[in-house]
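Heavy-atom basis, side chains included; hydrogens, waters and symmetry copies ignored.
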Amino acid sequence: MNESSRNPRASLVLVAPYEAGLWSDILPMLDVVFDVALVAPGEECDLSAMARRVLKTAPSRFHVAGFCLGGHLAMELHRQAPERVCGVALLNTDLAPD
């Protein structure tokens with residue numbers, strides 16, 4: 001058994017409000033530790049629909065980091081699938097209580 005099969009890399013979903021280019025400077029560093037997937041919120045009109053779309057292609061277990069609107073989407077991903085979300089990082093996000 002090789003090292004990678006004993007310690008599989010964690011998955012990280014990065015959510016940016018408009019484009020994935022936001023993450024370009026730190027992506028090489030994150031890619032050393034995580035299997036990284038970049039997603040944009042998309043064209044849906046509400047967070048619930050955005051989250052459902054992301055969850056269709058997201059790994060079975062993942063960490064999520066969201067910037068601005070992406071932070072709101074990260075919290076919605078956790079709300080819809082808490083058993084799949086291992087951790088949440090919110091960057092430049094103002095989350096008022098529902």
Side-chain angles (χ1 to χ4, degrees):
M1 181 181 292
N2 64 33
E3 184 66 24
S4 63
S5 63
R6 281 184 287 174
N7 293 319
R9 289 171 21 127
S11 296
L12 174 62
V13 173
L14 299 175
V15 186
Y18 307 109
E19 62 173 270
L22 170 77
W23 305 105
S24 61
D25 288 342
I26 64 168
L27 192 54
M29 292 170 274
L30 293 172
D31 200 37
V32 171
V33 179
F34 297 100
D35 288 328
V36 179
L38 301 169
V39 298
E43 300 298 319
E44 295 87 355
C45 294
D46 65 66
L47 289 173
S48 182
M50 289 180 203
R52 285 192 302 274
R53 178 183 47 80
V54 171
L55 288 168
K56 286 180 184 177
T57 59
S60 60
R61 299 266 302 150
F62 61 95
H63 301 269
V64 61
F67 179 86
C68 199
L69 173 61
H72 294 266
L73 180 53
M75 292 302 295
E76 181 62 19
L77 289 167
H78 183 264
R79 189 190 70 73
Q80 288 188 22
E83 71 285 354
R84 292 178 61 189
V85 177
C86 303
V88 177
L90 305 175
L91 304 132
N92 198 36
T93 300
D94 178 22
L95 291 179
D98 289 340

Reported CG-to-CG distance for the pair Leu90 and Leu73, which is rounded to 0.5 angstrom: 11.0 Å
Salt bridge (Lys or Arg N to Asp or Glu O under 4.0 Å) contacts in which one or both residues fall within residues 55-78, not counting sequence neighbours: Glu76-Arg79
Listed partners of Phe34 passing ring pair (Phe, Tyr, Trp, His ring centres under 6.0 Å), at least two apart: His63
Residue pairs involving residues 21-34 (criterion salt bridge (Lys or Arg N to Asp or Glu O under 4.0 Å); sequence neighbours excluded): Arg9-Asp31
Phe67 side, atom CZ; Leu91 side, atom CG - distance, nearest 0.5 Å: 7.5 Å
Sequence-distant partners of Ala49, side chain to side chain contact (heavy atoms under 4.5 Å, CB included), two or more places apart: Glu44, Asp46, Arg52
Side chain proximity check, Leu14 to Leu30, heavy atoms < 4.5 angstrom: yes
Which residues share a side chain to side chain contact (heavy atoms under 4.5 Å, CB included) with His72, sequence neighbours left out: Leu47, Leu69, Thr93, Leu95
Any residue meeting side chain to side chain contact (heavy atoms under 4.5 Å, CB included) with Leu55, in chain and number order, not counting sequence neighbours: Phe62, Leu77, Gln80, Ala81, Arg84
Closest non-hydrogen atom pair, Leu12 against Ala65: CD1-N, 4.1 Å
Side-chain heavy atoms of Val15 within contact of Val54, under 4.5 Å: no
